[in-house]
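Worksheet for the structure shown next.
A, B, ... follow the sequence lines: proteins, then strands. Residue 1 opens every chain.
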Amino acid sequence: MSGTRKPKTTRKKKDPNAPKRSLSAYMFFANENRDIVRSENPGITFGGVGKLLGEKWKALTPDEKSPYEQKAENDKKRYEQEKANYLAQQQ
DNA sequence: CAAGTGATTGTTTCC
DNA sequence: GGAAACAATCACTTG
């Protein structure tokens, strides 16, 4: 119970260049599951796919997430240079 | 120095 | 085009 939603509290407004952030492991996993889950569940709707996706995501194991987490790591670095370049020009 | 806090990321389906 | 479930994140903010 720390920061689940985003009701609002502190934190600056937004960066001038706003390098945004990186994707999450779920984003990479979802990229592969969207076509697979939906392919195995033809007819299922957002109510099922959306929830079903999350359940399966953890249904696997940290080992299955591994490939996705790996991509997340690479993407994180992507953001790292974004921020670096953003901070450089910002100065 | 430490903790947490928000902001964001992408998918799906739906009107 | 945006909304909500689903999850991770994790770099920045602040005291």
Side-chain angles (χ1 to χ4, degrees):
Chain A
M1 293 95 142
S2 308
T4 318
R5 236 62 89 179
K6 46 190 168 287
K8 88 160 68 181
T9 10
T10 26
R11 232 1 170 43
K12 260 184 171 29
K13 296 176 186 310
K14 261 165 51 163
D15 294 301
N17 305 270
K20 318 284 181 156
R21 35 173 323 91
S22 48
L23 274 66
S24 348
Y26 192 86
M27 302 299 117
F28 308 96
F29 158 92
N31 268 276
E32 299 261 320
N33 311 73
R34 78 190 145 175
D35 35 294
I36 291 175
V37 171
R38 223 173 126 236
S39 184
E40 302 197 307
N41 302 287
I44 191 167
T45 51
F46 171 75
V49 174
K51 287 168 134 189
L52 185 68
L53 253 166
E55 289 181 57
K56 296 212 162 182
W57 162 240
K58 284 179 174 168
L60 303 171
T61 42
D63 306 284
E64 273 62 49
K65 297 184 356 162
S66 207
Y68 309 103
E69 285 183 323
Q70 286 164 23
K71 193 79 180 80
E73 259 188 79
N74 170 50
D75 187 284
K76 175 199 157 285
K77 282 163 187 160
R78 171 94 257 111
Y79 168 86
E80 272 189 56
Q81 58 186 281
E82 283 183 62
K83 173 188 51 140
N85 164 46
Y86 141 73
L87 292 168
Q89 65 164 277
Q90 171 187 88
Q91 247 174 99

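Ranked by how close their nearest DNA chain C nucleotide is to the 5' end, A:L23 and A:L52 are led by A:L52. Residues A:L53 and A:T45 each lie close to DNA chain B; by heavy-atom proximity, the contact nearer the 5' end of the strand is made by A:L53. Residue order along DNA chain C, read from the 5' end via each residue's closest nucleotide, puts A:G54 first among A:G54 and A:A72.
Using a 4.0 Å heavy-atom cutoff across all strands shown, A:E55 reaches no nucleic acid atom at all. Using a 4.0 Å heavy-atom distance criterion, A:Y79 is classed as a sugar-phosphate-only contact.
For the pairing with A:L23, the side-chain contact (heavy atoms from CB on, under 4.5 Å) check across A:R21, A:M27, A:K20 returns one residue only, A:M27.
Taking the side chain as every heavy atom from C-beta outward, A:K77 and A:E73 approach each other to under 4.5 Å. Annotation: side chain of A:K56 is in contact with side chain of A:E40 (closest heavy-atom distance under 4.5 Å). Under the 4.5 Å side-chain criterion, counting only non-hydrogen atoms from C-beta, A:Q70 is not in contact with A:F28.
The distance from atom CD of A:E32 to atom P of C:dC6 is 22 Å, rounded to the nearest whole Å. Remark: P of C:dT9 and CD of A:Q70 are 13 Å apart, rounded to the nearest angstrom. Rounded to whole angstrom, the span from the CH2 atom of A:W57 across to the C1' atom of C:dT9 amounts to 12 Å. Rounded to whole Å, atom C1' of B:dA7 lies 14 Å from atom CD of A:E82. Going from atom NZ of A:K71 over to atom P of C:dC10 covers 13 Å, rounded to whole Å. As rounded to whole Å, 9 Å separates atom P of C:dC10 from atom CG of A:D75. Atom-to-atom, CZ of A:R78 to C1' of C:dT9 comes out at 17 Å; the value is rounded to the nearest Å. Atom-to-atom, CZ of A:F28 to C1' of B:dG10 comes out at 9 Å; the value is rounded to the nearest Å.
Among the nucleotides B:dT11, C:dC6, B:dG6, the one closest to the side chain of A:K51 is C:dC6. Which of B:dT9, B:dT11, C:dA8 sits closest to the side chain of A:M27 comes down to B:dT9. With distances taken from any side-chain atom of A:A25 to the nucleotides B:dC14, C:dA8, B:dT8, the minimum falls on C:dA8.
The line from CD1 of A:I36 to CZ of A:R34 is 9.5 Å long, rounded to the nearest 0.5 Å.
Remark: the A:R21 side chain and the C:dT9 base include a donor-acceptor N/O pair separated by less than 3.5 Å. Side-chain N/O atoms of A:S24 and base N/O atoms of B:dT9 include a donor-acceptor pair closer than 3.5 Å.
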